[in-house]
Amino acid sequence: DFRPAMRLSFAIRYGIEEWVLPAARNLVQMQPEELTMEDARLVGAEYLHHITRTQAQLARRRLYVAYSPFAMVHVPLCPNREQCESGWKHMWWDRFARALLHPDWTPTYQELLSKLTRCSASHSECLEATVNRLKESELLKTFADETVEVGINDIKTLADITIDSRPFSQPEDTAMA
C-alpha cells in the first residue's frame, strides 16, 4: 500500500493517469500535519503548494460556515417560531458547527446535509424549508465538494502538463505496438 504522495509521484513519473485523481483527493483531504517531509520530497514544491492551498481554503471555509448559522425559514403555520428558531440555533452551534470544526472530519456535501436534517427541536416543516433553502444557496456544496474538486483539478492539470511533457513520451496514435 503506497502513501498518496508516492502514488501521485509514481503517477506523474510513469504516466499513470488513473492514479492522479485518487492520490490528489487523498492528499487534499489529509490534515496538513499528516504530510511528511518525505511526502513533500515525493510530490515537489508545485504540487505541495496546490495541496496546502486547497487545505487552507477548506479550513477557512469550514470556519466561515461553522460561525455563520444559516437563517431559519418558518412556514406560515409554524406553531412556535421562538422554539423553532431556538432549536435550529442550538442544533447549528452545538451539533453542526462543533462537528464541522472537528479536526479529523472532512465532510462531504451529503454528510453536511445529513447533520442538518436531524433537529428534533424545530418544527419539521420549518426544518425542511430551511434545509431546502440552504440547498438552493449552495453554501454547503461550495464549501465541501467544490473546494476539494477545484484543488484536485489544479493538481490534475499540473500532472497532465507534467505527464504530457515527459521525455520520450509519444502520442498514443503514433506509439509502436
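- A chain of hydrophobic side-chain contacts below 4.5 Å, direct or via other Ile, Leu, Val, Met, Phe, Trp or Tyr residues, connects Leu58 to Leu48.
- Summarising the local packing, CD of Glu46 is surrounded by 12 or fewer heavy atoms from other residues, nucleotides or ligands at distances under 6.0 Å.
- Annotation: side chain of Asp154 is in contact with side chain of Arg53 (closest heavy-atom distance under 4.5 Å).
- Considering every non-hydrogen atom in both Leu116 and Leu127, the closest pair reads O-CD1, 3.5 Å.
- The shortest side-chain heavy-atom distance between Val28 and Ile155 falls under the 4.5 Å cut-off.
- Considering CG of Asn26 and CH2 of Trp19, their distance stands at 12.5 Å, rounded to 0.5 Å.
- Between Val75 and Arg81 the shortest heavy-atom distance is O-NH1, 4.4 Å.
- Between Met30 and Gln55 the shortest side-chain heavy-atom distance falls below 4.5 Å.
- With a 4.5 Å cut-off on side-chain heavy atoms, Glu17 and Lys156 count as touching.
- In terms of modelled atom types and a separation under 3.5 Å, the side chain of Arg25 and the main chain of Ile152 share no donor-acceptor contact.
- Residue Trp92 holds its CH2 atom at 8.0 Å from OG of Ser68, rounded to the nearest 0.5 Å.
- Gln83 contributes atom CD, which lies 12.5 Å from atom NE2 of His90 (distance to the nearest 0.5 angstrom).
- Using a 4.5 Å cut-off on side-chain heavy atoms (C-beta onward), Met91 and Ser122 make no contact.
- To the nearest 0.5 Å, atoms CG (Leu27) and NE2 (His50) are separated by 13.0 Å.
- Judged by distance alone, with hydrogens and angles left aside, the side-chain atoms of Arg3 form no donor-acceptor pair with the main-chain N or O of Leu35 at under 3.5 Å.
- The minimum heavy-atom distance between Tyr47 and Leu8, with the atom names listed, is CD2-CD2, 4.1 Å.
- Side-chain heavy atoms closer than 4.5 Å link hydrophobic residues (I, L, V, M, F, W, Y) into clusters, and following such links, possibly through other members, connects Met6 to Tyr14.
- Here the closest non-hydrogen pair linking Phe70 and Ser137 is CE1-OG, 3.8 Å.
- The backbone N or O of Thr36 lies less than 3.5 Å from a partner atom in the side chain of Asp39, making a donor-acceptor pair.
- Glu82 CD: 12 or fewer foreign heavy atoms inside a 6.0 Å radius.
- To the nearest 0.5 Å, atom CD of residue Glu34 and atom CD of residue Gln31 are 6.0 Å apart.
- Using a 30° and 60° split on the angle between ring planes, Phe2 and Phe10 fall in the perpendicular class, above 60°.
- Side-chain contact between Cys126 and Trp88 is absent, with no heavy atoms from C-beta onward closer than 4.5 Å.
- Taking CD of Glu18 as the start and CZ of Arg7 as the end, the distance is 12.5 Å to the nearest 0.5 Å.
- Nearest heavy-atom pair across Cys78 and His123 is CA-ND1, 4.4 Å.
- More than 12 heavy atoms of other residues, nucleotides or ligands sit less than 6.0 Å from atom NE2 of His49.
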